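A, B, ... follow the sequence lines: proteins, then strands. Residue 1 opens every chain. All of these numbers come straight from a predicted model, not from anything done at the bench.
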Amino acid sequence: MLEARLSQSMVLKKVVDAIKDLVQDCNFDCNDSGIALQAMDNSHVALVSMLLKAESFEPYRCDRNIALGVNLVSLTKVLRALQNDDLVTLKADDAPDSLNITFESSTADRISEYDLKLMDIDQEHLGIPDTEYAATVTMPSTEFKRICTDLQAMSESVTIEATKDGIKFSCAGDIGNGAVTLRNYQNVEKEHLNVDIELTEPVSLTFSLKYLVNFCKAQPLSDRVKICLSNEVPLLVEYLITGTSYLRFYLAPKVRD
Amino acid sequence: ADFQLDLYNYFIKS
């Protein structure tokens, strides 16, 4: 059976909020190392990959592999009841029909208990290869969100170009063109503002802004975001959750016929 | 026209 108690319960709500507009039904795959999720949007353009490691929970117990087939719209309805400092506990049997979700107030004077019906979801697990990316950019997640949102007002697509001079986000739309360039930036006192660009070779790729803006719904999870690019390879956008738990998005580049 | 790589095919081949 599964029993997992999360003191940073808002993490769960933020993860679900970040992915529910991209994927609707998905399996939360539980095993002794933690809870993982992998789901692709209907158009096969974006892939979500999440791992909440066992050490993010206290206690965490899962004796065998359990797949929790969850409708995220339904889970969102349950998570509405979650309050800021609540502890959340997930419980399920080995072959579960439902997921038991408990919210406890930090003062332990209120316990809310929900059973969420589960579904059978036939999802193929895809192998995501370890990739040596040509460019890796770590930057403030709010900055990335602002750039994507601002450029989306002008165009459907953005070209991301990483060179030794920096990383350039540019778009061309009906009303004109726009571009934002970021350079390496180190702030010793406010490290969360740093822009770190690691480059082995120049990269230029074009992506749909609709999807990037969607990924930015994960911004509340972390003040930093990592963007990894290689020519002709899906873009990786990563938000670290707690410790080494993560939420990753992969996005197919646009290629000219 | 722009063509978007199918991630399913990409990852399944990997």
Beyond-backbone contact of B:Tyr10 with A:Val233, side-chain heavy atoms, under 4.5 angstrom: yes
Does A:Glu156 CD have over 12 foreign heavy atoms under 6.0 Å away? no
Under 4.5 Å from a heavy atom of chain B, the part of A:Ser208 involved: both
A:Lys14, NZ atom: more than 12 neighbouring heavy atoms under 6.0 Å: yes
Step by step, work out the ring-ring contact (aromatic ring centres under 6.0 Å, His included) result for B:Phe11 and A:Tyr250. CA-CA 10 Å; B:Phe11 285 124; A:Tyr250 294 86; 5.4 Å; yes
So which atom in A:Leu47 and which in B:Leu7 form the shortest heavy-atom distance, rounded to 0.1 Å? N-CD1, 3.6 Å
With a 6.0 Å cut-off (strictly less than), is the heavy-atom count around NZ of A:Lys168, excluding the residue itself, greater than 12? no
What are the two closest non-hydrogen atoms of A:His44 and B:Tyr8, and how far apart are they? ND1-CB, 3.3 Å
What's the spacing between A:Glu232 CD and B:Leu5 CG if we round to 0.5 Å? 9.0 Å
